[in-house]
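Notes for the one structure printed next.
Ligands are counted one by one from 1 in listed order, and the atoms in each one are counted from 1 as well. Because only heavy atoms are used, hydrogens play no part in the values below, and waters and symmetry mates are left out as well, while side chains stay in.
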Amino acid sequence: SETFVTFRMRLESLLLLLCLSHTAAAGGEAVQVDEQLTVQPDVWAEVRALRHLVVDQRAELNRSKVAFSAALTDSGLLGPFNTDTTIVYSNVFTNIGKAYNPITGIFTAPVKGVYYFRFTGMDYRSAVHMGAALYKNNQRIMLTYEINVNNGYFEHMSNGVTLELEKGDVVFLRLPANKGLYDNNESHNTFSGFLLFTL
Ligand SMILES: *[C@@H]1O[C@H](CO)[C@@H](O)[C@H](O)[C@H]1NC(C)=O
Ligand SMILES: *[C@@H]1O[C@H](CO)[C@@H](O)[C@H](O)[C@H]1NC(C)=O
């Protein structure tokens, strides 16, 4: 990242500065190292600046640990309902950074960046078509559905997308009106996402 390049440049100039100080000390006056540093106030300014950079970078690294994966439910049928309904994937496998809320089903971007999301869906009913729509805020990004012609057989669908998100943008899935899903303890319906890199 940019910060890292700045960090490297500063570290290199600091090392050069220390090196020159050392050479000066070795080459002539027999000065103590701390005296040498006292007459080189730039060294301390650089050390302080580097310290700040390290602290900032640690915070940035912490913010960029974002990954979640959750399954729908162990307890069977979801839908059909007569309106679009947010799908709540409540069986959490992973939720690093806690950006996914398993009570609401909503992912909130903690940092501006590029994220990848994917989901799978399953149903066995031919009387009800399965479907899921992925949203970024109020914008529907994709609608995926599947018509099961073999009643009683498990049929699956899946989709995935890479999205550029601002901090605070939300991503979630909705079950479209009159569509259905089925899940059990085999976790046929999952929603996963992770941060690829910050911007
Ligand atoms: C980063 O996370 C670690 C471990 O969770 C924590 O100990 C540390 O204080 C955090 N640092 C910052 C700068 O937030
Ligand atoms: C999954 O559910 C089935 C049917 O209710 C049950 O027989 C089985 O023991 C469960 N398996 C696990 C790993 O919980």
Side-chain angles (χ1 to χ4, degrees), residues 58 60-198:
R58 279 213 190 120
E60 192 183 322
L61 275 172
N62 276 11
R63 283 197 301 277
S64 44
K65 287 177 187 162
V66 183
F68 78 94
S69 204
L72 184 58
T73 175
D74 288 348
S75 52
L77 297 169
L78 183 73
F81 306 119
N82 52 23
T83 55
D84 292 6
T85 311
T86 302
I87 305 173
V88 179
Y89 296 82
S90 52
N91 291 347
V92 170
F93 296 118
T94 315
N95 198 4
I96 308 295
K98 302 269 185 290
Y100 173 71
N101 183 332
I103 309 295
T104 61
I106 294 171
F107 173 88
T108 306
V111 61
K112 180 184 167 85
V114 177
Y115 295 76
Y116 181 75
F117 296 92
R118 74 180 298 271
F119 65 90
T120 60
M122 192 274 271
D123 205 338
Y124 64 85
R125 298 169 286 180
S126 56
V128 177
H129 302 161
M130 75 179 101
L134 188 139
Y135 281 77
K136 170 186 166 181
N137 302 323
N138 292 324
Q139 184 193 359
R140 192 181 75 194
I141 303 292
M142 48 174 58
L143 170 62
T144 306
Y145 52 90
E146 166 76 11
I147 295 164
N148 192 339
V149 292
N150 302 303
N151 195 47
Y153 287 87
F154 287 4
E155 298 254 346
H156 290 79
M157 60 176 193
S158 73
N159 216 333
V161 64
T162 299
L163 291 175
E164 196 176 320
L165 302 179
E166 295 295 329
K167 180 180 177 172
D169 278 350
V170 292
V171 173
F172 56 93
L173 285 150
R174 275 200 179 140
L175 182 70
N178 306 316
K179 298 271 194 283
L181 294 169
Y182 172 79
D183 207 359
N184 58 20
N185 62 16
E186 294 164 353
S187 300
H188 294 274
N189 298 257
T190 60
F191 179 32
S192 305
F194 48 85
L195 174 65
L196 289 168
F197 48 85
T198 56

Do the ring centers of F107 and F117 come within less than 6.0 Å of each other?
yes

What protein heavy atom sits nearest atom 12 (C) of ligand 2, and how far away is it?
N185 ND2, 3.2 Å

Heavy atom of protein inside 4.0 Å of atom 4 (C) of ligand 2, strictly below
no

Are a donor atom and an acceptor atom from the side chains of S75 and T73 found within less than 3.5 Å of each other?
yes

Worked check of side chain to side chain donor-acceptor pair (under 3.5 Å) between N91 and D74
CA-CA 8 Å; N91 291 347; D74 288 348; 3.0 Å; yes

Which class fits the ring pair Y182 and Y124: parallel under 30°, tilted 30 to 60°, perpendicular over 60°?
perpendicular

Less than 4.0 Å between atom 14 (O) of ligand 2 and some protein heavy atom, yes or no?
yes

